[in-house]
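Each remark here refers to the structure printed beneath this line.
Labels below follow one simple rule: chain letters A, B, ... track the order of the sequence lines, proteins then strands, and each chain is numbered from 1. Any value given below was found using the heavy atoms of this structure, including those in side chains, with hydrogens, waters and symmetry copies removed. All values derive from a computational prediction rather than experimental measurement.
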Amino acid sequence: MIATRSPGLGPILSRTFYRRPATQVARDLLGKVLIHGATGGVIVETEAYLGLDDAASHAYRGITRRNAVMFGPPGYAYVYFIYGMYECVNVVTEPDGKAGAVLIRALEPLLGIELMQSRRPTAKRPRDLASGPGKLTLALGITRALNGADVTKGALIVRDRRGAAPFEIEASPRIGITKNADLPLRFTIKGNEFISR
DNA sequence: GGTAGGATGGGCT
DNA sequence: GCCCATCCTACCC
């Protein structure tokens with residue numbers, strides 16, 4: 001089902017949008033468009049990661065060199081390296097000084113699809129291009145060089161969308177974690193075929 | 001349709 | 001030295 005596809009990009013999301021609780025931002029990012037350079041897609045799956053109270057969060061044990069961006073001002077990218085091979089992208093939420101971020105887990109490809117395919121030669125079908133946090137960073141060319149980048153301006157941005165069909169939000173447990181794994185902090189566009197599972 | 005196992009290296013105890 | 005906010009291939013229904 002392609003419930004979200006239709007043209008009409010709106011304005012870039014403001015810093016105020018991100019200066020809110022991670023759980024709220026995670027829900028509200030669904031249906032928005034993540035863009036890097038000539039490539040981009042509709043956000044169809046997110047996860048909220050909280051701060052010092054969330055054992056699954058990189059921020060749980062306090063500030064370190066890796067996670068420092070999560071403790072800074074909202075509206076910046078937190079990109080980290082995982083499993084020796086992949087990178088994942090978050091947007092930082094909450095006011096400056098309070099840790100929180102939203103992991104972008106899946107996109108419905110929208111812009112620069114041919115370029116994404118060339119970056120993801122193992123993808124057999126469009127739904128495999130960006131249906132996972134490591135896949136979408138490859139498809140969009142997002143690397144750790146973008147850690148700390150301002151997502152309210154520049155090459156990596158999130159834009160609103162006009163004229164998209166309405167959708168339902170489904171909440172479920174976060175994927176791939178073992179600690180604090182019961183909370184329903186994963187959000188998906190219900191029925192969308194581009195989610196990670 | 002489904003899943004088990006391996007790849008691969010930074011981060012932190 | 002162990003733990004990962006993962007993905008792909010091979011193999012089995």
Inset, instruction - Counting heavy atoms from C-beta on, name the nucleotide in dT8(B), dC7(C), dA5(C) closest to the side chain of Met85(A). - result: dT8(B)

Could you pull out every donor-acceptor pair under 3.5 Å between side chains of residues 137-150 of chain A and any protein atom, sequence neighbours left out?
{"unit_1": "Thr137(A)", "atom_1": "OG1", "unit_2": "Glu87(A)", "atom_2": "O", "d": "2.7"}
{"unit_1": "Thr137(A)", "atom_1": "OG1", "unit_2": "Gly134(A)", "atom_2": "O", "d": "3.0"}
{"unit_1": "Thr143(A)", "atom_1": "OG1", "unit_2": "Ala145(A)", "atom_2": "N", "d": "3.2"}
{"unit_1": "Arg144(A)", "atom_1": "NE", "unit_2": "Glu87(A)", "atom_2": "OE2", "d": "2.9"}
{"unit_1": "Asn147(A)", "atom_1": "OD1", "unit_2": "Val79(A)", "atom_2": "N", "d": "3.0"}
{"unit_1": "Asp150(A)", "atom_1": "OD1", "unit_2": "Arg15(A)", "atom_2": "NH2", "d": "3.2"}
{"unit_1": "Asp150(A)", "atom_1": "OD1", "unit_2": "Thr152(A)", "atom_2": "N", "d": "2.8"}
{"unit_1": "Asp150(A)", "atom_1": "OD1", "unit_2": "Thr152(A)", "atom_2": "OG1", "d": "2.7"}
{"unit_1": "Asp150(A)", "atom_1": "OD2", "unit_2": "Arg15(A)", "atom_2": "NH2", "d": "2.9"}
{"unit_1": "Asp150(A)", "atom_1": "OD2", "unit_2": "Thr152(A)", "atom_2": "OG1", "d": "3.4"}

Inset, instruction - Describe the nucleic acid contact of Leu103(A) in one word from base, sugar-phosphate, nothing, applying a heavy-atom distance below 4.0 Å. - result: base

Legend entry - Within the 6.0 Å centroid threshold, strictly below: His58(A) and Tyr80(A): yes

Inset, instruction - Between His58(A) and Lys124(A), just flag the one whose closest nucleotide in DNA chain C comes earlier from the 5' side. - result: His58(A)

Inset, instruction - Rounded off to whole Å, could you give me the NZ-to-P distance for the Lys179(A) and dC12(B) pair? - result: 11 Å

Legend entry - Between dC4(C) (P) and Tyr60(A) (OH): distance, integer Å: 13 Å

Legend entry - Touch class at under 4.0 angstrom, heavy-atom based, for Phe81(A) against every strand present: sugar-phosphate

Legend entry - Spacing between Arg61(A) atom CZ and dC3(C) atom C1', to the nearest angstrom: 11 Å

Inset, instruction - Please give the nucleotide sitting opposite dC8(C) as a Watson-Crick or G-U wobble pair, both distances under 3.5 Å, or none. - result: dG5(B)

Legend entry - Among dA5(C), dC7(C), dC8(C), the nucleotide that comes nearest once only the side chain of Pro133(A) is considered: dC7(C)

Legend entry - Aromatic centroids of Tyr76(A) and Tyr78(A) separated by under 6.0 Å: no

Legend entry - Nucleotide dG10(B), atom C1' - distance to CZ of Arg144(A) in whole Å: 8 Å

Legend entry - Geometric cation-pi criterion Arg174(A) and Tyr49(A), 6.0 Å radius, 45° cone: yes

Legend entry - Nucleotide opposite dC2(C) in a Watson-Crick or G-U pair, distances under 3.5 Å: dG11(B)

Inset, instruction - Verify the contact: side-chain N or O of Arg120(A) to OP1 or OP2 of dC8(C), cut-off strictly under 4.0 Å; return yes or no. - result: yes

Legend entry - Thr122(A) or Gly176(A), whichever maps to the more 5' nucleotide of DNA chain C: Gly176(A)

Inset, instruction - In whole angstrom, give the distance that lies between atom CD1 of Ile195(A) and atom P of dT6(C). - result: 15 Å

Inset, instruction - For Gly134(A), answer base if it contacts any base atom (sugar-phosphate contacts may also be present), sugar-phosphate if it contacts only those atoms, and nothing otherwise; contact means non-hydrogen atoms under 4.0 Å. - result: sugar-phosphate

Inset, instruction - Would you mind reading off the distance between Glu47(A) atom CD and dT6(C) atom P, rounded to a whole angstrom? - result: 7 Å

Inset, instruction - Return the nearest nucleotide to the side chain of Arg66(A); candidates are dT13(B), dC8(C), dG11(B). - result: dG11(B)

Inset, instruction - Check whether any side-chain nitrogen or oxygen of Thr178(A) sits under 4.0 Å from OP1 or OP2 of dC4(C), and answer yes or no. - result: yes

Legend entry - Stacking of Tyr83(A) on dT6(C) base (centres under 5.5 Å, planes under 30°): yes

Legend entry - Distance below 4.0 Å between Thr64(A) side-chain N/O and dG11(B) OP1 or OP2: no

Inset, instruction - Look at all strands and tell whether Arg105(A) reaches a base, only sugar-phosphate, or nothing, counting heavy atoms closer than 4.0 Å. - result: sugar-phosphate

Inset, instruction - Give a yes or no on whether the backbone of Pro21(A) and the side-chain of Thr93(A) come within a donor-acceptor separation of less than 3.5 Å. - result: no

Inset, instruction - Establish, yes or no, whether the cationic atom of Arg19(A) lies under 6.0 Å from the six-membered ring centre of Phe17(A) and within 45° of the ring axis. - result: no

Legend entry - base_contact_polar (dA5(C) base, Tyr80(A) side chain, donor-acceptor, <3.5 Å): yes

